[in-house]
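When reading the values below, keep in mind they use all heavy atoms of this one structure, side chains included, and skip hydrogens, waters and symmetry mates. Numbered from 1 within each chain, the chains take letters A, B, ... in sequence-line order.
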Amino acid sequence: MRLSNYFLPILRETPKEAEIVSHRLMLRAGMLRQESAGIYAWLPLGLRVLNKINAIVREEQNRAGAIEMLMPTIQSADLWRESNRYDDYGKEMLRIKDRHEREMLFGPTNEEMVTEIFRAYVRSYKDLPLNLYHIQWKFRDEVRPRFGVMRSREFLMKDAYSFDLDQASAEHSYARMFTAYLRTFARMGLKAIPMRADTGPIGGKLSHEFIILASTGESEVFCHKDFLDFDVPPADIDFNDAKAVGGVVDKWTSRYAATSDMHDASAFGALSSDDQVSARGIEVGHIFYFGTKYSEPMRAVVNGPDGKETPVHMGSYGIGPSRLVAALIEANHDDAGIIWPAAVAPFHVGLANLKVGDAATDAACVDLYAKLTNAGVEVLYDDRDERPGAKFATLDLIGLPTQVIVGPKGLAEGKIEMKDRRTGARETLSPDEVFNKLASSGGA
RNA sequence: CGGGGUAUAGCGCAGCCCGGUAGCGCAUCUGCUUUGGGAGCAGAGGGUCGCAGGUUCGAAUCCUGCUGCCCCGACCA
């Protein structure tokens with residue numbers, strides 16, 4: 001992408017409403033625009049990151065055996081009356097009437113709807129287990145939205161729903177998602193720690209929040225330091241093997257970890273002080289097993305091997321990709337701006353032409369830009385007629401992992417510069433060497 | 001939902017106390033000079049001062065009501 005043709009509205013000054021660093025940087029880097037309290041437009045650069053995150057989430061969900069679909073944002077109130085949540089949910093649910101005065105709502109979550117779909121088609125235990133997910137916008141009318149997309153009213157959520165014949169197989173489904181979540185966050189360069197959680201209004205027995213540690217996190221968390229060194233399950237783990245994924249859950253729940261809600265000070269205090277980690281965290285995922293809480297009132301039943309109807313055992317599994325964008329920035333930034341992990345970077349490479357209009361510099365940039373693009377490397381080519389300082393500042397702000405700097409001085413000696421955004425390390429290389437390095441690493 | 005702020009050009013702000021028809025920096029546009037860490041000079045454009053009432057010869061400024069947004073707490077992917 002040529003920057004001169006792109007839409008990247010960088011702000012030099014920080015809008016005053018932005019309090020936390022991720023919100024400030026998202027606004028400054030032209031990723032996001034607030035349209036109302038807690039409601040945001042995703043500008044092109046922000047959308048690219050969101051899509052990268054979604055792609056990773058999707059790959060890991062699919063790998064774990066979940067099946068993607070797409071449910072609507074608008075739901076019928078009648079559906080929610082079946083589970084008795086229409087009244088329980090309160091003012092957080094945005095209620096709407098259509099032209100026929102029918103009561104509708106903007107979905108805050110999808111247990112009811114997915115259960116309705118399930119019961120419409122599935123009759124036999126032989127069709128289980130089943131896990132359906134979608135990535136869809138949710139709306140929760142938070143009392144006080146804040147911190148940009150960290151706590152917005154409209155937010156993107158990947159929500160998966162599992163259906164099983166009994167508790168034992170439901171626990172296997174839970175373990176699949178648990179394992180997939182560890183992998184998902186690790187692929188984004190995040191260390192997520194599963195912590196025992198309250199089940200809240202969704203209800204249920206078994207629940208974990210996945211928390212990443214960040215000094216700017218919203219909640220106080222406590223855990224054993226062993227978590228920081230645990231290995232993430234490999235890509236080739238057999239998700240169909242209940243023992244294998246169950247072992248992952250056992251290992252990752254074998255040490256103390258709790259949010260302040262669930263904190264047991266005496267159990268934590270019993271750890272040796274070297275092992276105690278008390279920090280701030282951001283919740284990026286939440287999984288629940290809630291048995292027959294919805295299947296019973298909504299009559300989502302299957303015939304078991306014994307020929308009897310039984311309500312299915314369900315679980316739900318949420319990840320907030322829009323919140324993850326902010327969480328990733330909280331965990332990856334410096335004074336100059338964002339530092340994207342390669343896996344979620346909106347572009348791999350920022351190519352800065354330091355003297356637009358200089359024939360040799362232009363030619364070198366255009367040539368490298370074409371070659372890299374053809375090799376599948378995502379390049380943002382800064383071909384604006386700006387001074388070098390402005391270009392460096394822009395590239396640092398938007399945080400692309402690798403900067404390639406082409407100017408007449410270096411070019412006179414056949415050299416261009418490659419800079420690593422995270423470490424600041426610079427290499428002076430020929431254009432061919434730069435191309436070979438970037439093409440072989442896929443830009444990362 | 002309780003408490004506290006705030007609203008003036010795209011962004012950040014001054015002006016308000018003491019009423020006289022709006023200004024600064026950045027950004028934008030034009031020209032010239034510049035070009036390896038957010039350039040300099042000269043010029044230009046851009047605002048029904050959040051909305052609605054009221055007081056007054058006259059309101060950004062004073063009064064009343066409303067709304068948006070932000071912050072602190074209690075609640076949440």
Side-chain angles (χ1 to χ4, degrees), chain A residues 9-20 23-24 27-28 30 33-39 57 89-93 107-111 135-160 181 197-202 207-212 218-219 259 261 282-288 316-327 335-337 352-358 361 382 384-397 403-412 415-417 419 424 426 428:
Chain A
I10 299 280
L11 303 180
R12 249 177 105 149
E13 285 171 274
T14 304
K16 63 174 174 182
E17 75 269 15
E19 198 66 12
I20 61 166
H23 192 196
R24 279 203 299 269
L27 294 171
R28 288 235 297 131
R33 164 108 189 142
Q34 178 166 342
E35 292 298 337
S36 272
I39 299 180
V57 167
Y89 223 94
K91 289 195 164 178
E92 252 190 37
M93 184 148 78
T109 178
N110 279 64
E111 279 83 7
I135 300 176
Q136 176 64 293
W137 295 94
K138 303 295 187 291
F139 194 92
R140 294 182 189 174
D141 200 356
E142 295 280 345
V143 197
R144 181 146 102 87
R146 63 189 119 167
F147 304 148
V149 293
M150 190 75 86
R151 171 159 314 289
S152 51
R153 293 196 292 170
E154 187 184 56
F155 60 96
L156 193 61
M157 181 157 89
K158 184 288 300 179
D159 37 328
Y181 275 34
D198 195 7
T199 53
I202 295 185
S207 178
H208 287 91
E209 288 179 10
F210 287 76
I211 305 274
I212 61 164
E218 277 195 278
S219 42
T259 60
D261 291 351
I282 301 169
E283 179 183 356
V284 290
H286 200 159
I287 62 178
F288 303 85
S316 72
Y317 314 90
I319 290 180
S322 49
R323 170 181 283 186
L324 265 171
V325 177
D335 289 345
N353 181 336
L354 294 193
K355 192 162 185 178
V356 171
D358 176 81
T361 312
D382 189 348
R384 297 172 304 164
D385 187 13
E386 288 285 346
R387 297 170 61 85
K391 299 198 173 194
F392 296 139
T394 296
L395 284 180
D396 285 349
L397 175 62
Q403 300 174 3
V404 174
I405 297 157
V406 181
K409 287 185 187 167
L411 223 43
K415 298 291 184 189
I416 62 180
E417 192 173 292
K419 178 184 154 190
R426 296 159 187 273
T428 303

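Closest to the side chain of A:Lys16, from the set B:rA77, B:rG12, B:rC69, is B:rG12. Picking from B:rC11, B:rU34, B:rG36 the nucleotide with the shortest atom distance to the side chain of A:Arg387 gives B:rU34. Nearest nucleotide to the side chain of A:Glu17, out of B:rC70, B:rC75, B:rU35: B:rC70. The side chain of A:Glu13 lies closest to B:rC26 when the candidates are B:rC26, B:rA77, B:rU35. For A:Glu92, the listed nucleotide lying nearest its side chain is B:rC75; candidates were B:rG36, B:rC75, B:rA27. Residue A:Arg144 has its side chain nearest to B:rG73 when only B:rG37, B:rC70, B:rG73 are considered.
The CG atom of A:Asp385 sits 12 Å away from the P atom of B:rG31 (whole-angstrom rounding).
Salt bridge present: A:Glu417 and A:Arg426 bring a charged side-chain N and a carboxylate O closer than 4.0 Å.
A donor and an acceptor atom sit less than 3.5 Å apart, one in the side chain of A:Glu417 and one in the base of B:rG36.
Across all strands, A:Arg153 comes closer than 4.0 Å to no nucleic acid atom at all (heavy-atom distances). When heavy atoms are screened at a 4.0 angstrom cut-off, A:Asp159 is found touching no nucleic acid atom at all. Using a 4.0 Å heavy-atom cutoff across all strands shown, A:Lys158 reaches no nucleic acid atom at all.
Across every non-hydrogen atom of A:Asn353 and A:Lys355, the tightest pair is OD1-N, 2.9 Å.
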